[in-house]
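Single-structure report; data block below.
In listed order, ligands and their atoms are each counted from 1. These numbers come from the heavy atoms of this one structure, side chains and all, not from hydrogens, waters or symmetry mates.
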Amino acid sequence: MSVRVRFAPSPTGPLHMGGVRTALYNYLFARKHKGSFLLRIEDTDRKRFVKGAEDYIMDSLRWCGIEWDEGPDRDGGMGPFRQSERMKIYREYANILIGKGYAYYAFDTPEELTEMRTRLKTDKNPNPQYDIHTRVQMQNSLSLSGEEVKKRLDSGQDYVIRIRIPENEEIIVDDIIRGRVSVESRLLDDKVLFKSDGMPTYHLANVVDDHLMDITHVIRGEEWLPSAPLHVLLYRCLGWTDSMPRFAHLPLLLKPDGQGKLSKRDGDRLGFPVFPLEWKDTQSGEIIRGYRESGYFPEAFVNIIALLGWNPGTEQELFSLEELTELFSLDRVGKAGARFDPEKARWFNHQYLVRKPIKEVALLFKDFLAEKGISQPEERLGRICSLVRDRVSFVHELWEESYFFFQAPSSYDEKFARKKWKDDTPALMTALAEKLAKTGTLETESIENAMNEIMQESGAGAGRIMPPLRLALVGAAHGPDVKEIMKILGRDETVERIKRAIESISSGRTE
Ligand code: GLU
């Protein structure tokens, strides 16, 4: 049977990077095994439904290059892929479970449930459950007479449908990552399968859909491991054990210090994104930046999350989506939580930035400059980017390292000027400007010739020429190699900047 996996997010808000990782691992697993990857929207919890979240999920996956084969927008014959459009199906299976005695109606009001929990609460049992022991004391079709149940149903009284957990059974979850987990059935509670609003709960809908959609492997976050025994039991009750999917629960993503689950608040606190794309909170109007808006390349983001839980078993750290597809295997997904390191994330983006074709970087930088109203030929931008990209991790950071190529200094670093602009500097700079003005285009050789001549004529060393020259061209002590700056600025602009510096700094005007 060919592999079929699914990513089944609930549209309750923006997709966390942990969710994208779950989608990615499912996608890689499907591609590796030449199977299918499905996107199913689990939107049965209407109270937590957030408008726009479904589009956000799809846009995020598309941005990452994680394409699904079947989903709400492409039904391969096993849809619909939005659970809210499959309501009839779930009701049918809830009825089957009741018919077989595996589920029952429960009429308890919220007050009655609270009353039971308070009444039975003890130090030893702080959270009394609706289960084998307590169900007999409650208002349900196991404790009430058939007649009474019929009366209540006919009168339209609110009810839920609960699973009837068997008393003494061993439930085994065979997890590809975690191995065999065995649970005694009496420890489970009679979870609600169908709610009073006519909606199934996640548990019922999830199992029914995985079965009807021929899912072979359920790859999802560790937070669902406690629900797995209930799901195994549901497969058993529905007679689907033979075609039950295999489970793989992925490790948690941990905070940078390794203490606890990575949350949105950590991102705010430590200044890194936790969402792939920008998200505007529908209620508060708050805008949260995503990886995309923070300047991450999608390839880098995918590479970052791929390694949060999986490792290739080699020293290799950079992987394209194609390489990941080839190498990925659930055997190499660890059990231990994966610590997220924001510094390492920046490092990944840097690696992609320095490896990108320079033309591409130039075009991205061109867009960035356009927003500042600066327009430049691509060829010149390419030269600038080649010169400074080693120093940065993001396209927007190129500006910090290259702004002086687009605007002549309007002031000069005072401290640096005091230290490096000596009494004889104006004469040296004037002589250099005159020599440069007589050369053709500035090349390494012509620049070096001009400097050597000045040094010979004046007896001054390079240390007396280069720093003031940098100050004249950049206005500050930083920047790449001075000769490279001169080559890009060109002869006329270089000469012009030297002259302007002589005038301003010598007359004491560094502002
Ligand atoms: N709807 C669940 C979620 O939001 C899906 C869990 C699963 O994959 O079974 O994570």
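Between Phe368 and Phe365, the ring planes lie parallel to each other; the angle is under 30°, not in the 30° to 60° tilted range. Between Phe328 and Trp310, the angle of the ring planes lies from 30° to 60°, which puts this pair in the tilted group.
Residues Asn140 and Tyr159 have side chains that never bring a donor and an acceptor to within less than 3.5 angstrom of each other.
Each of the atoms 2 (C), 5 (C), 6 (C), 7 (C), 9 (O) of ligand 1 lies under 4.0 Å from some heavy atom of Tyr202. Interface of Glu42 with ligand 1, defined as ligand atoms under 4.0 Å from a residue heavy atom, comprises 1 (N), 2 (C), 5 (C). Each of the following atoms of ligand 1 lies closer than 4.0 Å to a heavy atom of Asn206: 7 (C), 9 (O).
Ion pairing between Asp131 and Arg162 fails under the 4.0 Å rule for side-chain N and carboxylate O. Between Glu378 and Lys366 there is a salt bridge, with a side-chain nitrogen of the basic residue lying less than 4.0 Å from a carboxylate oxygen of the acidic one.
With a 4.0 Å cut-off on non-hydrogen atoms, Phe7 does not touch ligand 1 at all.
Ligand 1 lies nowhere less than 4.0 angstrom from a heavy atom belonging to Glu223.
Val183 pairs with exactly one of Val232, Leu230, Leu188, Val173 by the side-chain contact (heavy atoms from CB on, under 4.5 Å) rule, that one being Leu188.
With respect to atom 10 (O) of ligand 1, the closest heavy atom belonging to the protein is Trp224 NE1, 3.3 Å. Closest to atom 8 (O) of ligand 1 among all protein heavy atoms lies Arg6 NH1, 2.7 Å. In this structure, the protein non-hydrogen atom closest to atom 4 (O) of ligand 1 is Ser10 OG, 3.1 Å.
For the pair Lys264 and Trp279, the cation-pi criterion (under 6.0 Å, within 45° of the ring axis) is not fulfilled.
Backbone and side-chain nitrogen or oxygen atoms of Ala8 are examined, and one is located within less than 3.5 angstrom of a nitrogen or oxygen of ligand 1.
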